[in-house]
Amino acid sequence: MTEEILRVENLNKYYGDWQALHDINLTLHKGEVLTLLGPSGSGKSTLIRCLNGLETFSSGAIYFKGKKIDGSSKTWQALRQKIGMVFQSYDLFPNLTVIENIMLAPVKVQKRSEKEVRAEAISLLKRVELDEYVDIYPRELSGGQKQRIAIVRALALHPEIMLFDEVTASLDPEMVRGVLQIMADLAKKDHMTMIIVTHEMNFARQIADQVLFLEDGKILENTSGKEFFAHPQTDRARDFLTSMDF
Amino acid sequence: MEHSAINVFFAGNNFARILQGLWTSVWIAALSLLIGLVLGTLLGILRTLPNKTIRFILRAYLEFFRIVPTIVLLYLVYYILPRSLHINWPASWMAVLAFSLWVSAEFSDIVRGAIESVPVTQKESGQALGLSASQLFRYVLLPQAMQLELPATINLATRVIKTTSLLMLISIMDVIAIGQQIIEANNQQYPSAVFWIYGLIFILYFAIDYPLSLWAKRLAAKQKR
Amino acid sequence: MSWQIITQSLPIFLKAFELTLWLSCVGIVCSILVGIITSLVQYFKVPILGRVLTVYVELARNTPLLIQLFFLYYAFPVIGLKMSAQVCGIIGLVFLGGAYMAEGFTGGFAGVSPSQIDDGKALGMNDLQLARYVVFPQGFALSMPALAANIIFLIKETSIFSVIAIPELTNTALDLIGMYYRSNEYLLVLVIAYAIILVPVILLLNFVERKVRYGTFGN
Ligand SMILES: Nc1ncnc2c1ncn2[C@@H]1O[C@H](COP(=O)(O)OP(=O)(O)OP(=O)(O)O)[C@@H](O)[C@H]1O
Ligand SMILES: [Mg+2]
């Protein structure tokens, strides 16, 4: 087995009296792709946001490369450079150009040299076929282009794991494929460790090594991707797949 | 500074007089607001109608009040009514007139903004139900707009209350004018009376305006969510 | 209405006009400075000072400038602080304006969308970097409408300086009316003088507001 990147133990999360996550356990190894599936409101976003400290959790523990995260904001802030995240709302910083968006964190947070970062940013942009938009402001880009750049912006920090929360959900259908293609590419070519929340079932089936099926904040299934799509164990999961026209 | 100067508050009927002055300020503010809000609502509705001439005139009306300081408005009424129009009203009525017009102008803009920010779909679904234009205003647009505009309206009220501090300038016996009288009457005995009296008036204004602004802020925060 | 009265008064009004402009400029610039500092202290929740400034903002915003000026001009000498009318005027205006500006900037910072802040955090920024690269640039742009409204408001508030006998526009007009009893003429000049200051200011601020908005948010 390869190196363990992320492990979650007995994680519980409350919003006031309401329990959003129940006793979540998961383990993710280097190069693995985990997809989080489940109906709307099942807690997928809440869980993935807990994994890079954007939400605090009530009890349980998260381990990054075997080391328990102490939950202080300082620890999280340092860790987030190793945990890239892309959101559904593809908002780049509107006051910065494409290249400035990408370079901001590597230069200001990681204090890397501008020259090196710029060269890398441009090669990443080439990879997503957007290198002609270097000095353009986000307002001139389509949703799909912005989302591709948001992925590049996260990659430029050299993360060891990438989190994607429904990154194609707000995109026009014709934009979706380009973004999914990049994620598939990352998995295959870069062997990037990833956690993906998505409603694109075909994509999930192709890419998932592991599937977590959530409902009402509880894990109902935790199996391999193949197993989940071929033989869902619970009625809820079967219903869910049917409702997704699958 | 002698602390005995606090006694100024309680000497004679000073405290009662200050409260009476405060009442003058309060009723002028309240009446002006009432008239101004009613008139402003009408003007605001008119400003959402397609007629270009009406909209232009009302826009000019608003801009006039945006440019002229309230103190100047007060003097305009105070001098022009009796001297050029030969209308001899008591000063407090003149203040109500000036303030009402000012409030109506500001409020017309609030109302217009609020009506225009009610989503188009609301208007369309009202029309689809066969509501007439006036029914649409009465049952759909105004109620929704009213909620949206409440914080801004409360803030306008706090400004009107603060502006009543200008009433003394056109010789209305408001709380400040009475304060000045008390200060002058007690200057010999308590030279520091000025400190206490103006301090008290400062606190009185704060005590009225602060809860209102807090309320407006809370409402606005709630609406954002 | 007599043209002669008007033209004769113009030199006096010109002086007053300059004074109003000067007092407005000083007042606005200082208010913006006080407002920025206050809003930064509040944003970073500096202990004690943050609380003190919150009290200041509420006191200044919820009391009339006229009383603030009377206090400075008539009451402060009692405790041994005597200042000229103009100094009192500026201090009063900045006391008031600083609070309004602070409120405007704070509102702007609070208006930065949570998803932008999530973006910044997800890129590993610490609180200071988040403030510097995400919250402030966008927050200042968002506070532009409030800033513009406050600038216009403060220019108009200088008219209240007339109550402590600073010879700005309103005070000058009232003096002239008192002396020559020609209210229509002097009031007309007064209103026009304010229009000459405020119309260009309003237009300019509208323009700048749109530019900043587009430059920052692209709409
Ligand atoms: N800040 C919050 N305060 C209170 N409840 C919240 C908060 N955020 C989320 N919730 C609740 O937690 C539950 C899980 O929400 P979450 O956004 O994680 O669902 P999701 O699976 O991502 O749904 P979707 O597919 O719609 O994005 C929901 O019932 C939601 O109402
Ligand atoms: Mg979600």
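In what follows, every chain begins at residue 1, and chains take the letters A, B, ... in the order their sequences are listed.
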Counting a contact as any heavy-atom pair under 4.5 Å apart, which residues of residues 100-115 of chain B contact chain C? none

When you measure from the side chain of C/Lys156 to the backbone N and O of B/Arg66, does any donor-acceptor pair fall under 3.5 Å?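 Here the side-chain-to-backbone pair exists.
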
Determine the option with the most heavy-atom pairs under 4.5 angstrom with chain B, choosing from C/Ile152, C/Thr63, C/Ile67. C/Thr63

Contact residues of [range] (partner chain B; heavy-atom separation under 4.5 angstrom):
range                       : result
residues 111-120 of chain C : none
residues 167-174 of chain C : C/Thr170, C/Leu174
residues 184-205 of chain C : C/Asn184, C/Leu187, C/Leu190, C/Val191, C/Tyr194, C/Ala195, C/Leu198, C/Val199, C/Ile202

Contacting moiety of C/Ser162, where chain B heavy atoms sit under 4.5 Å: side chain

Under a 4.5 Å heavy-atom cut-off, does chain B meet the side chain of C/Ile177, its backbone, both or neither? side chain

So, do B/Phe195 and C/Tyr74 have ring centers that fall under 6.0 Å from each other?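 No, the ring of B/Phe195 stays outside the 6.0 Å limit from the ring of C/Tyr74, centre to centre.
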
A quick test of your reading: do over 12 heavy atoms of other residues, nucleotides or ligands sit less than 6.0 Å from CZ of B/Arg59? no

More than 12 heavy atoms of other residues, nucleotides or ligands under 6.0 Å from CZ of C/Phe44: is that the case? yes

So C/Arg61 and B/Tyr210, do their side chains get closer than 4.5 Å, heavy atoms only?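 Not in contact.
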
